[in-house]
There are 2 protein chains.
Amino acid sequence: MPKAKYQLVADEIRQRIIKQVYPAKTLIPDQNALAKEFKVSRMTVKKALDGLAREGLIYKRSGLGTYVLGNIPLKAANDSPADAFNGLTKQQGAKRVSSDVIQFDVTFPTADIQEKLHLDANEPVYEILRLRRLEGSPFILEHTFMPVTLVPNLSQAILKKSIYDYIHQSLHLKFGGAYRKIHAALPTKNDIKYLQAAHNEPILEVEQIVWLNTGENIEYSTSRNLFNKRSYTILDINE
Amino acid sequence: MPKAKYQLVADEIRQRIIKQVYPAKTLIPDQNALAKEFKVSRMTVKKALDGLAREGLIYKRSGLGTYVLGNIPLKAANDSPADAFNGLTKQQGAKRVSSDVIQFDVTFPTADIQEKLHLDANEPVYEILRLRRLEGSPFILEHTFMPVTLVPNLSQAILKKSIYDYIHQSLHLKFGGAYRKIHAALPTKNDIKYLQAAHNEPILEVEQIVWLNTGENIEYSTSRNLFNKRSYTILDINE
DNA sequence: TAGTGGTCTAGACCACGAT
DNA sequence: TCGTGGTCTAGACCACTAC
């Protein structure tokens, strides 16, 4: 299936910005000119530009035109966006990430997990504790709950690699969204044991609920890492 | 100036979802029916629904229809969204928030600040350190840099209240976006002194750059709080 | 006044999912 | 097959900004 026209237009303009055909802090051609060049209607050009504006690449001002935004000084190449649905394996590369499966159980959900995943007491869940390693050294301690019915036939082999690949490629499920909460915390016994956290060393935790595009909750998890190993970033566009 | 039609349609549908005229986990009327009801074109209905989908209220599936999403279990009323441009005064209410101005200087920017704010060495900046209090007790320690030319005539009186109100209402400037980085950290001397952090008590820090809708950088700041006082949340919709 | 982006329409065709 | 949402068009009018 081919991409939509507005996506193709957006891809081309994005490339021109990256290659500085449209340099930072300059105006790009107006919507009518772009429509003529790409042989599409102005509405299609506008939809492409709306997407690029949400990505933070351009900003539009009525009556003036569309400008290219410069680089963001705080932004670094190895930033971990807090709004991303690809797992750690995708973000860092499968060769750099390995996982120790510390716990892999099936249980009935506690009242708390029932509420978090919108489940009844008799619907079993997986409880998974994994130590994710980056280049061999401890990186993130992940504690995950998933309903068994939504993710059938989970295995140690899959947990060693990537749960998200299994969900997408084998089960053909699609994520709809996630709600995440970022805390700082004191280390627990598990943090000290597996992340090798020092006593009183700050921990950064992401607690999240993930749902599918059907609206069903598929995951409740916490991800903890040493305070100096990782931070999370957010690009926030007004309106 | 009146709101756009698609905004009015979105507002009405949002209200119907909140009031459960359209209950959670049910289909809402299809786009043609809504277009007929509101006497607008289907494109306008679609634009309204696109916005509601980005807010996480509904999800659309081609061939099926548009469903209402249920409540998010992790979400609490007093959550602090990490994607918000209203300052602390707006979020918590002017009556609950007060500020001690610890430092208020004008200086030439260091090399680091020059880079963060895209300034030359001879363009002065404000350096501001404020302890924000909630109901009187220490809440957030804010260290802020702003270019003097963009925010003229800043005063202690303004700092005691709300910088953002001054920027919006008096200077008529509009934010374009922000890039934020969330860390966990060890307490500094200032954290211990002003936030009354214990030795080795984890601190949650948000480091951010904010720019205007003109593309000019207006703020570089860090906001630090005790780990058990505040966390940040993100609603993340796929695509 | 001229040119920009923002909105809106009426109608068309398509891909998808259920029947 | 039918109804859903997704895309796309050509043209129109408006609000805003600069000159």
Side-chain angles (χ1 to χ4, degrees), chain A residues 1-13 22 25-54 57-69 171-174 176 212-216 237-239, chain B residues 1-13 22 25-54 57-69 172-174 176-177 212-216 237-239:
Chain A
M1 57 179 168
K3 271 194 181 178
K5 278 192 196 177
Y6 75 90
Q7 284 289 359
L8 296 173
V9 173
D11 289 346
E12 173 59 25
I13 295 174
Y22 300 150
K25 314 211 174 216
T26 63
L27 284 170
I28 71 172
D30 66 77
Q31 295 179 355
N32 280 313
L34 290 170
K36 190 170 272 186
E37 183 197 336
F38 291 109
K39 294 189 172 54
V40 298
S41 73
R42 185 163 79 96
M43 283 291 281
T44 301
V45 168
K46 186 179 179 301
K47 198 167 179 186
L49 295 182
D50 286 347
L52 296 173
R54 271 196 296 276
L57 285 172
I58 58 174
Y59 57 99
K60 295 173 286 175
R61 289 182 70 194
S62 188
L64 282 172
T66 300
Y67 290 80
V68 179
L69 265 168
L171 299 177
H172 303 289
L173 298 175
K174 228 184 120 190
L212 299 174
N213 66 340
T214 60
E216 297 162 298
I237 304 299
N238 202 6
E239 255 122 310
Chain B
M1 54 180 171
K3 271 194 182 181
K5 278 191 196 177
Y6 76 91
Q7 284 290 0
L8 296 173
V9 172
D11 289 347
E12 173 60 25
I13 296 175
Y22 301 149
K25 314 208 175 220
T26 63
L27 283 170
I28 71 171
D30 66 76
Q31 296 179 354
N32 280 312
L34 291 170
K36 188 170 271 184
E37 184 197 337
F38 291 110
K39 294 189 172 57
V40 298
S41 73
R42 185 163 78 94
M43 285 290 281
T44 301
V45 170
K46 187 180 179 298
K47 197 166 179 187
L49 296 182
D50 286 348
L52 296 173
R54 272 197 295 276
L57 285 172
I58 58 174
Y59 57 99
K60 296 173 285 176
R61 290 182 72 194
S62 188
L64 283 171
T66 300
Y67 290 80
V68 179
L69 265 167
H172 302 289
L173 299 175
K174 228 184 119 189
L212 298 174
N213 67 339
T214 60
E216 297 162 297
I237 304 298
N238 203 5
E239 258 126 310

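Keep in mind that the numbers below use all heavy atoms, side chains included, and drop hydrogens, waters and symmetry copies. Each chain gets a letter, A, B and so on, in the order its sequence line appears, and its residues count up from 1. Quantities reported herein were computed from a predicted structural model and do not represent experimental measurements.
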Can you tell me if the side-chain N/O atoms of [X] get under 4.0 Å from OP1 or OP2 in [N]?
X	N	value
A:Q31	C:dG3	no
B:Y6	C:dC8	no
A:K3	D:dT7	no

Once you round to the nearest 0.5 Å, how far does OH of B:Y59 lie from CG of A:L212?
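With rounding to 0.5 Å, OH (B:Y59) is 9.5 Å from CG (A:L212).
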Measuring from B:I58:CD1 to B:L69:CG, what's the distance to the nearest 0.5 Å?
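One gets 8.5 Å once the value is rounded to the nearest 0.5 Å.
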Interatomic distance, [X] [atom1] vs [N] [atom2] [rounded to whole Å]:
X	N	atom1	atom2	result
B:L64	C:dA15	CG	P	17 Å
B:Y59	D:dG6	OH	P	14 Å
B:L27	D:dG5	CG	C1'	12 Å
B:K174	D:dT17	NZ	P	10 Å
A:D50	D:dC8	CG	P	14 Å
A:Y67	D:dA18	OH	C1'	10 Å
B:L52	D:dG5	CG	P	14 Å
B:L8	C:dC8	CG	C1'	13 Å

Whichever of A:R61 and A:Q7 has its nearest DNA chain D nucleotide further upstream toward 5'
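Closest to the 5' end, via its nearest nucleotide, is A:Q7.
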So, using salt bridge (charged side-chain N to carboxylate O under 4.0 Å, His left out) as the criterion, who are the partners of A:K174 when residues are at least two apart?
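Partners of A:K174 by the salt bridge (charged side-chain N to carboxylate O under 4.0 Å, His left out) criterion, ordered by chain and then number, come out as B:E239.
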Considering all heavy atoms, the nearest A:K60-A:A53 contact:
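Scanning both residues completely, I find the closest heavy atoms to be CE-CB, 4.2 Å.
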Mind listing the closest non-hydrogen atom pair of A:A10 and A:A48 along with its distance?
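Looks like N-CB, 3.8 Å.
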Just to be sure I understand the geometry, which residues of residues 34-49 of chain A put a non-hydrogen atom under 4.0 Å away from DNA chain C?
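A:R42, A:M43, A:K46 - these, ordered by number, are the residues of the stretch whose heavy atoms sit under 4.0 Å from the strand.
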Which of these passes side chain to side chain contact (heavy atoms under 4.5 Å, CB included) with B:L52: B:L57, B:V68, B:T66?
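That would be B:L57; it is the only one of B:L57, B:V68, B:T66 passing the side chain to side chain contact (heavy atoms under 4.5 Å, CB included) with B:L52.
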Please determine whether a side-chain nitrogen of the Lys or Arg among A:K46 and A:D50 lies less than 4.0 Å from a carboxylate oxygen of the Asp or Glu.
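Salt bridge: yes.
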For the side chain of B:A4, counting heavy atoms from C-beta on, which of C:dC8, D:dC16, D:dC8 is nearest?
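Within the option list, the nearest is C:dC8.
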